[in-house]
Amino acid sequence: MPRTEIKGRDLKGDPLHLLVEDGLILAVERSGDPGPCVLLPAMVDAHCHILPTGLDMAKPCLAECRSHADVLETVSAAAKLGEGWLHVTQYDQNRYAGQGHLDRWQLDSVSEGRPVLLRHANGHAGVANSAALEAAGITEHSLDPAGGEYVRGPDGKLTGVLLERANEAVTSSMPRPSLDQMVEAVARAQESMASLGIASATDMMTGRWDLEQEVAAYSKAASRPGSTRIRLYAQWSQVFGPRGIGAARFAELAQSLDEDRCKICGIKIFADGAIASATAAIHGEYLTRPSSGTLMYPRDRLQSMVVTAHDAGWPVAIHAIGDRAVDIVLDAFEATGEPGRHRLEHAMILSDAQIARIQADGCHVTMQPEFLLRFGEAYAAQLGPERSRRLKRVRSVLRAGIPLSLSSDRPIVPGDPWDGIEAATNRPVGFDPEENISLEEALGLYSAGGAQANGDRGGKFEPGTWADVLANPDGPGKGAPSQLWIGGVSVAGGSGAPRV
Ligand SMILES: [Zn+2]
């Protein structure tokens, strides 16, 4: 590739010229004319779900619904359009004006006989209709799976509401996408991410259906020059579980990839659920039900899983939203003897003592500030205003010197990094403003922080790093016209493409 130059200015208005060769920044010059555009390192989304994002883009969505009637109308319209399973996204009972969960009989009335599953916006719960329960082999006699619940009414009958593993029991019986459908879905998600300025994204649970097939789909979709780079964390059971591919095959798979485009970074484990569904493992209880949430594994089991992955040479990233989950995750990381190799995902509720412990351990933490914009009401309903004020202590974690990145968890939320930056720099009403960070800090955590989380050399303007660059003619901001380069390849122009 020939040498090119990207000319612009930095956030202070000083000249910033990037000399680019073979996809890398060769030199950074800070003299000459300041170009018309502000140049920023492109965004890195270090925790999202890429294939599910692409698949969801083709599914009916309930994000705009504000009542049971709205939901039923949307499901009814979608049910008339096809046949077989109907998977609907962005269900959230917290948005339906005190009406609580829908039940399976309400869904049955609009399903046209099709199996229907509404997936909760937080991904940790769902509502199935009767046909979906039947297709998944769940009957009135079924026992709750470990780490999950088939919610029953006062009469003991299944309501169709599914929590955690009970939800997975239904999703796992849905037909899985073909390789071609996966490649198309990943490409769809990459395009959407590129349009938001994201040059590199991490799939934080590869192996929902079939690890090898998913890695093949990611690798193929990422081979297009200029497409969003893909980083992968594989679900623990898909590698080390009884039906997993095994450590040797997993290492072989990792070595077969072109790491610049698509890289396997490590292993993903869930330690608990989510606050909106009252399943994150917390100290204390939820206001909506007498529960302190769900630990997915007992302490000793989690520890042996982490040690197994660590001994095979892999960093482990663990989903831990509640403070009770964070405790046992840190125990497990410390049991490896090298806690600083591992990642803590979400860490929404942290005490000062836990922050000090994470700092001593040197673990990377990634947080999703956009959650505060989308789930604020649900958090207050589940935890009360005092506890929810202190969620996502970005400033405190940063001040402690803990390696930190900001990310989206898309498709749980729409995933525009500028929404995350807004929520991190100007926390919504109801959340402690003491935890706000500056724009420069937020931009860094969305680029260099994310690259660091993935063990990558991107996210900074330095010789030898990827030429992943975002240009905004009017300065950075949500919806601003922009241009993106990934590896020096120009891939996305907004309205008013900048002159550089
Ligand atoms: Zn996630």
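Remember, it's 1-based here, ligands and their atoms both numbered in the order they're listed. Hydrogens, waters and symmetry mates are skipped; everything else that's a heavy atom, side chains included, is used.
For the Zn ion (ligand 1), the N/O/S atoms of Glu345 include none lying under 2.8 Å. Taking backbone and side chain together, His49 holds an N, O or S atom under 2.8 Å from the Zn ion (ligand 1). Here His47 meets the criterion, with an N, O or S atom under 2.8 Å of the Zn ion (ligand 1).
Qualifying side-chain contact (heavy atoms from CB on, under 4.5 Å) partners for Gln354, counting only residues two or more places apart in sequence or in other chains: Asp323, Val326, Asp327, Leu350, Ser351. Under the side-chain contact (heavy atoms from CB on, under 4.5 Å) criterion, Asn436 pairs with Arg427, Pro433, not counting sequence neighbours.
Here the rule is side-chain contact (heavy atoms from CB on, under 4.5 Å) with His47, and of Arg231, Arg410, Lys268 only Lys268 fits it.
Summary: OD1 is the N/O/S atom of Asp409 found nearest to the Zn ion (ligand 1).
Checked by atom type, the side-chain pair Thr171/Glu168 shows no donor-acceptor distance below 3.5 Å.
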